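A short worksheet on the structure shown next.
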Amino acid sequence: MSQETIAVVLPDETSVELPAGSAAADLAAAIGPGLSRAAIAARVDGELRDLGRPLEQGARVEIVTRRDDDPDALFVLRHSAAHVLATAVRQLHPGAGIGFGPPIEDGFYYDFDVAEPFTPEDLERIEATMVDVIEADDGFERREVSREEAEELFQDDPLKLERLAEIPEEETISVYRDGPFLDLCRGPHVPRTGEVRHFKLLHAAGAYWRGDEKRQMLQRIYGTAFYSEEALEEHLERLEEARRRDHRKLGQELDLFSIQKDIGPGLICWHPRGARIQLELRRWIERLLETRGYEFVYTPHVSSEALFERSGHLQAYAEHMFPSMRGEGDGEAYRVKPMNCPAHTLIYASRQRSYRDLPLRLSEIANVYRFERSGTLHGLLRVRMLTMDDGHIFCTPDQVEEEIFTALDLVDEVMRTLGLSYRLDLATRPEKRIGSDDVWDRAEASLHQALERIGVEYGMDEGGGAFYGPKVDIKFRDAIGREWQGATIQLDFNLPERFELEYIGPDNAPHRPVMIHRAIFGTLERFTGVLIEHFAGAFPVWLSPDQVRVLPIADGHAEGAAAIVARLREAGLRAGLDARSETLSYRIRDGELMKVPYLLVVGDRELEAGTVAVRARGAEQKQVTMSVDEFATAVSDKVRAKALDAHLGGR
RNA sequence: GCCACCGUAGCUCAGGGGUAGAGCACUCGAUUCGUAAUCGAGCGGUCGUCGGUUCAAAUCCGACCGGUGGCUCCA
């Protein structure tokens, strides 16, 4: 092999000869002018790199081009956009300290240490200055430096020096310069600042340095960037749509729930229409649990404080519990319960258990109270009184896998029925934990096997388990992409130990049972919040607070319409009459805005023929006519099937 | 809890040192209507709370309460 050339391999396995020292940019140019123009970075042996870095002999190279559908391409662009942002901020605030500025899902941010937080006007000025930086079209120049040189370069940036000190000895230290701005950075970047054309700063917010609330607070600016104006606009439109379906907004508009200052933050009042949804969800899950061998229990909302000391929760979560209360005099201290596990544990322990009794599955749809920090409260998604569809399974170690499988199967049925997508994470042993490695091995293996058996994809959250056992977490996204905890299935070695739970085995000796905590909805509040956003308020018929609204055309039809409402109610449907002295159009509009699945128009024609003119929500055919009985049967079928749509397929 | 921003009628919002405004909703009246807003009148607010500055505060300042966006946390 000659010293003057190197050969690299393209994705299609063809080999290309290039002069030694050639970079990915030269490769792109050698392949063609189109590719050369579109190139912004390269994947070299699987690693994302600058276009300008020299290639090694034999490297597998793929040119990354300017595409809004390539996550790597966007990653590089947004990382560069973060540098452009910092460049602009440094121009406007020369003394600003710089923290981290990474690309993130959907955008990027950069953290600054400035004396005064950024105002919305500052953001506008920064945005304008970024345009100048982009128009300057400076190249992003990479340079590898020694640790000493890096320390010299960033001597005025304490945050960067702190970061620098953490970079391992053997790792290469690189810096990137664009125009006047120099940053300690691994890269890669797009070739020039001019590449960052379609961007927008979104908001500024405080953020702790290193994500540690004991450290100083920096000012973070969030933004997003794309290669095309269309993709940027589309993204902003998605954010707008998400705001339109925000459960807090729809909760108000559809009269589902309220949070009242006079009651307290994080405490939900369900209005009749929202309570209806709760009731249906509750009946559904209770039914599902019954068929799976669960038994229902009820336990008190307050318990002796000593109970939570024994369970260990008080020590671990005291600041997240409502304060202690005590009656007149010096009676015992009580706490409102933050979870049901200790009470269920005591029910288990209330008598001798045989292996023949296991698994014992206890469930309680129960309200628990947690004093969540004020800044974390968020509509229905983070509240202080939560309704858990809680359940605890006490079983032998051998039964664990089967119980996990059954619980996951139930989760899947619930999610599929509602058409919800979700994500599973298997969270394994954390550093701080109780129980022997042997027990953890078995527990984690049980979870793995159950997940494999159900055949769903799942992610790993290594070290993310609870101190008392590994778990499987189900995660949802809200309307604007924030992720929230949904169902959870957790193994627990702690409580059986602390409460000295036992069962008598076939060997006539006592054994310790395994405890599984699981919630399918997670909390009714959060689950309903996610459903509101998921359906944008247009719930499936079975969950709709109002299923049918009957609209008489004129006063003369009101009596006949009322009779139809009565018949539908007899058939078990939630039907109402809208005989207000408003135009038909007005009442139809109102029914549509309230997302009522079926609006029935009743006039002379219908009353004579014993039919109704049905306007089904979201149906292609605006209106179909059918007999009242036909309609009642068709809708009842929809309800029974928990159908997601309201279409009746007319004739 | 921390940082920033916000708080005017039931809702959405305008106003911005000189005694408070619109649309919708609500009430009443008229209208009796064939598929997304009929017309008119009326009711409704110590401008989040408390304190300060001022001849005068919804407006300026401070604290507190609540909300929003993040950060941190989430059994």
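All values reported here derive from a predicted model rather than from experimental measurement. Residue numbering restarts at 1 for every chain, and letters A, B, ... go by the order of the sequence lines.
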Taking the six-membered ring for Trp, are [X] and [Y] closer than 6.0 Å centroid to centroid?
| X | Y | result |
| --- | --- | --- |
| A:Phe199 | A:Phe108 | no |
| A:His247 | A:Phe535 | no |
| A:Tyr110 | A:Phe112 | yes |
| A:Phe476 | A:Trp484 | no |
| A:Tyr348 | A:His392 | no |

If you measure from the [atom1] atom in [N] to the same atom in [M], how many Å do you get, rounded?
| N | M | atom1 | answer |
| --- | --- | --- | --- |
| B:A37 | B:C24 | P | 14 Å |
| B:G7 | B:U59 | P | 11 Å |
| B:C43 | B:A57 | C1' | 28 Å |

Base partner of [N], which must satisfy Watson-Crick or wobble distances under 3.5 Å:
| N | result |
| --- | --- |
| B:A58 | none |
| B:U68 | B:A4 |
| B:A22 | B:U12 |
| B:C47 | none |
| B:A41 | B:U27 |
| B:G34 | none |

Nucleotide of [options] approaching [X] most closely (side-chain heavy atoms):
| X | options | value |
| --- | --- | --- |
| A:Arg370 | B:A75, B:U38, B:U35 | B:A75 |
| A:Ala205 | B:G34, B:A75, B:G69 | B:G69 |
| A:Pro338 | B:U38, B:C3, B:A75 | B:A75 |
| A:Ser581 | B:A75, B:A36, B:A30 | B:A30 |
| A:Glu592 | B:A36, B:G69, B:U72 | B:A36 |
| A:His320 | B:U35, B:A37, B:C73 | B:C73 |
| A:Tyr468 | B:C3, B:G1, B:A75 | B:A75 |
| A:Gln219 | B:C3, B:C33, B:C11 | B:C3 |
| A:Ser585 | B:C3, B:G1, B:U35 | B:U35 |
| A:Arg382 | B:G34, B:G70, B:C74 | B:C74 |

What is the distance from [atom1] of [X] to [atom2] of [N], rounded to the nearest Å?
| X | N | atom1 | atom2 | value |
| --- | --- | --- | --- | --- |
| A:Arg210 | B:C73 | CZ | P | 14 Å |
| A:Trp209 | B:C3 | CH2 | P | 19 Å |
| A:Glu582 | B:G29 | CD | P | 14 Å |
| A:Ile553 | B:U38 | CD1 | C1' | 16 Å |

Regarding [X], tell me which of base, sugar-phosphate or nothing describes its non-hydrogen contacts under 4.0 Å with the strands shown.
| X | result |
| --- | --- |
| A:Gln252 | sugar-phosphate |
| A:Glu606 | base |
| A:Gly211 | sugar-phosphate |
| A:Leu593 | base |
| A:Phe467 | nothing |

Pick the closest RNA chain B nucleotide for A:Ala207 and for A:Asp604 by heavy atoms, then say which residue is nearer the 5' end.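 It is A:Asp604, whose closest nucleotide lies nearer the 5' terminus.
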Contact nearer the 5' end of RNA chain B, comparing A:Arg580 with A:Arg589: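 The residue whose closest nucleotide sits nearer the 5' end is A:Arg580.
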Would you say [N] has OP1 or OP2 under 4.0 Å from some side-chain N or O of [X]?
| X | N | answer |
| --- | --- | --- |
| A:Tyr586 | B:C39 | no |
| A:Thr376 | B:C73 | no |
| A:His378 | B:G69 | yes |
| A:Arg220 | B:C3 | no |

So that I can tick it off, tell me whether A:Glu237 and A:Arg244 are bridged by a salt bridge, with the cut-off set at under 4.0 angstrom between side-chain N and carboxylate O.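 Yes, this pair counts.
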Ion pair A:Arg518/A:Glu403, N-O distance below 4.0 Å: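 Looking at A:Arg518 and A:Glu403, the cut-off is not met.
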In residues 554-564 of chain A, what donor-acceptor pairs under 3.5 Å come from side-chain atoms, sequence neighbours left out?
residue, atom, partner, partner atom, Å
A:His557, ND1, A:Ala554, N, 3.0
A:His557, NE2, A:Asp604, N, 3.4
A:His557, NE2, A:Asp604, OD1, 2.9

How would you summarise protein contacts on nucleotides 43-48 of chain B per nucleotide, using B for base, S for sugar-phosphate only and - for none, with heavy-atom distances below 4.0 Å? ------
Measure up the A:Phe100 and A:Trp209 rings against each other and bin them: parallel (under 30°), tilted (30 to 60°), perpendicular (over 60°).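 Ring orientation of A:Phe100 relative to A:Trp209: parallel.
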Please verify the inter-ring angle class for A:His203 with A:Tyr222; under 30° counts as parallel, over 60° as perpendicular, anything in between as tilted.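 Rings of A:His203 and A:Tyr222: tilted, as their planes differ by 30° to 60°.
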Let's test your reading of the model: under 3.5 Å, does the base of [N] pair with the side chain of [X] as donor and acceptor?
| X | N | result |
| --- | --- | --- |
| A:Arg373 | B:U72 | yes |
| A:Tyr208 | B:G1 | yes |
| A:Arg526 | B:C74 | no |
| A:Gln623 | B:G34 | no |

Would A:Phe118 pass as stacked on B:A4, i.e. its ring centre under 5.5 Å from the base's six-membered ring centre and planes under 30° apart?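 Base of B:A4: not stacked against A:Phe118.
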Taking the side chain as every heavy atom from C-beta outward, state whether A:Ile516 and A:Phe394 have any atom pair closer than 4.5 Å.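 The answer is no; the side chains never approach within 4.5 Å.
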